[in-house]
Amino acid sequence: MVLQAPDIVEKPMAVGTTIAPSGSIRRRTRLRRKLADNAQAYVFLAAGLLCFALFSWYPLAKGIVLSFQQDNFVTAPSFVGLDNYRAILADPLFATAWINTLEFTGLALLFGYAVPFVVALVINEFRHAKGLFRIAVYLPVMLPPIVSVLLWRYFYDPGSGLFNAILSFLHLPAAGWTQSPRMAMICLVLVSTWSNMGGATIMYLAGLANIPAELYDAVELDGASIWQRIRHVTIPQMRFVLLVLLLLQIVSTMAGVHRAVPAHWYDQSGHYHRDDPDLPVRLHGQQRLRDGGRDERLAFPRTGRILRPLPAPDESAGVRSPI
Amino acid sequence: MSTAARTLISDADLRRRHGKLVYRLVFAGMAIAFVLIFVFPLYWMFVSAVKTPVELAQPTPTLIPHEWHFETFLVAWQKLEIGHFLLNTAFYAVGGWLIQLTVDVAAAYALSKLRPLFGKVILAGMLASLMLPAAALLVPAYLTVAKVPIVGVNLLNTPWALWLPAAANAFNVYILKRFFDQIPNDLLDSASIDGAGRFRMLWNIVLPLSRPVLAVVSIFAIIGSWKDFLWPLLVLQDPASQTISVALSRLSFASYVAQNEMFAGLALASVPLIVVFMIFQRSILSGLSAGALKG
């Protein structure tokens, strides 16, 4: 605690104790000091509190309120109770959107979680050039997401794209990539994995470097094979990192549905999704907003968002189509 | 700590002839795969920029361009106004970084060292915002920025629309607070006996001790705002005020932009961050590693 000048003058040695002239005065000065301390603390907090209140807590509350309202952003909004929720639950595309989201999340987990772990395991064994591998795997993370998306769009291009050129060089039939309904989802997951796996790999490597060497020595003496060493030493020791990254991954891919939206690009000619190429966008609702917000279905998307069961951290790396 | 210590496979195993062979094979395989997967796309981007449009349109792409037209970069710079948009992005990034640092350091300092009433509740409220994706609050956040409650100003198309929401960064507040928590209170107490005020303590004691965490927060703030796409796309509709990412996505639909110029634009947009990464890769990667271990 901070001392005030009189205390120091009167009793310089006894830091932290105050002199007690009489009960009530002491209580009053203590209260005053506490108030002053708090006031100062809140001065430091003020800017942060204001930013959070205006741009984080208020939009959250507003989002919830809006989900119960019909609003065209021209006239005053009116409360419609649970109508929006009912409407979106009745919308057959809502279920499709959920299935697509889960499919994307599942695939992204499979690639984005497992692949970096295996890569980190292998790199960690290297005795040379480990640093170069770390840099290489993190390079795509440093690209602005729009650059990686546009770049991969050129790779995937069914006409003059690089991938089909490679296929034809190998005398294999050309593929539709993002324009084939079967491959579209995988293609998107690959882009997302490519541009984001660097972070996970670096974190796994940090975890691997922290495993005590004695453990490996001990199990090796007992005759454990490499696979047994991974199972009984590496994975248990990595529990914490594995768990944290699993959570991060689930949450960020669920939230990253908007990353799926670049698919929308590819359907300038053809459609990408089974049922509706526009789905992820529809759940975003933002397109309508930019159209001038006069769509009467405007309230749906918002409800859709609030029904999202899994909250997620801010993944500002989101890539989205400019529609 | 244990960097030089053994890993999954012991050095003795690797020294055996069989081990050596397998090691070399795996190492070479990984090296080739990494070059193909992570480096080659970047090479392709730069090389496609210097090719002629005719060469780009060939059905069999050339690995090495027949002619090197470096002037494409100059053309893209002028025609697509890459410089203007890069400058915009840099301005938003630096401004956002300063504001984030000021606001979040002050808040973390108050929460960690001044410990006001309800401090824990406030911290919990801030952390709760981490649970929600920015995308989920897009519409209400947009409406808020278009008409800020109480004051009623419209921040759209101004830098403040990016800066102020970015300052509400719970992650920054949290790691700063955790770092400040480790600074002994005795240091601050003795400073206050010497007559230092709260601000002096922050400026002269806490901040100099917090250089590592400030570096990490700064780097990630700048990278984050440089890479941000969705939010700037929404709030900066005026083409003149757009960031490089938003501008590129708009230009990718413009018919007057040739493909090689587009590649040049993409390459130019990536250069600043890649350069930053090459300079600061040590602190970026170790900041990330530390984050993984401390959770």
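Just so we're on the same page: letters track the sequence lines, and every chain starts at 1.
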Taking only Lys NZ, Arg NE, NH1 and NH2, and the carboxylate oxygens of Asp or Glu, determine whether B:Asp13 and B:Lys20 approach each other closer than 4.0 Å.
no
Going by ring pair (Phe, Tyr, Trp, His ring centres under 6.0 Å), name the residues that satisfy it together with A:Phe44, two or more places apart in sequence or in a different chain.
B:Tyr109
Heavy-atom distance under 4.5 Å to chain B: side chain of A:Val43, backbone, both or neither?
neither
Measure A:Val122 against the heavy atoms of chain B and call it side chain, backbone, both or neither at under 4.5 Å.
side chain
Using modelled atom types only, decide if a donor and an acceptor are shared between the side chain of A:Asn124 and the backbone of A:Ala120 within a distance under 3.5 Å.
no
Quick check: are there more than 12 heavy atoms from other residues, nucleotides or ligands sitting under 6.0 Å from CG of B:Leu36?
yes
With only heavy atoms counted, which part of A:Ile230 is less than 4.5 Å from chain B, the side chain, the backbone, both or neither?
both
If we define contacts as heavy-atom pairs under 4.5 Å, which of A:Ile226, A:Val137, A:Leu143 has the most with chain B?
A:Val137
Test side chain to side chain donor-acceptor pair (under 3.5 Å) on B:Ser48 and A:Tyr154; report intermediate values, then the result.
CA-CA 11 Å; B:Ser48 298; A:Tyr154 288 118; over 6 Å; no
At a heavy-atom distance under 4.5 Å, which candidate from A:Arg134, A:Arg127, A:Glu220 has the highest pair count against chain B?
A:Arg127
Which residues share a side-chain contact (heavy atoms from CB on, under 4.5 Å) with A:Val141, sequence neighbours left out
A:Tyr138, B:Lys227
Taking atom CZ of B:Phe118 as the centre, report whether more than 12 heavy atoms of other residues, nucleotides or ligands fall under 6.0 Å from it.
no
Measure distances from A:Met197 to the heavy atoms of chain B and classify the residue's part below 4.5 Å as side chain, backbone, both or neither.
side chain
Part of A:Asn164 within contact of chain B (heavy atom distance under 4.5 Å)
neither
Can you tell me which portion of A:Phe155 sits under 4.5 Å from chain B's heavy atoms? Options are side chain, backbone, both or neither.
side chain
Chain B: which of A:Asp217, A:Leu121, A:Leu205 shares the most heavy-atom pairs with it under 4.5 Å?
A:Asp217
Where on B:Val105 is there a heavy atom nearer than 4.5 Å to chain A: the side chain, the backbone, both, or neither?
neither
In terms of heavy-atom proximity below 4.5 Å to chain B, should A:Glu125 be classed as side chain, backbone, both, or neither?
both
Contact origin within A:Ser56 toward chain B - heavy atom pairs under 4.5 Å:
both
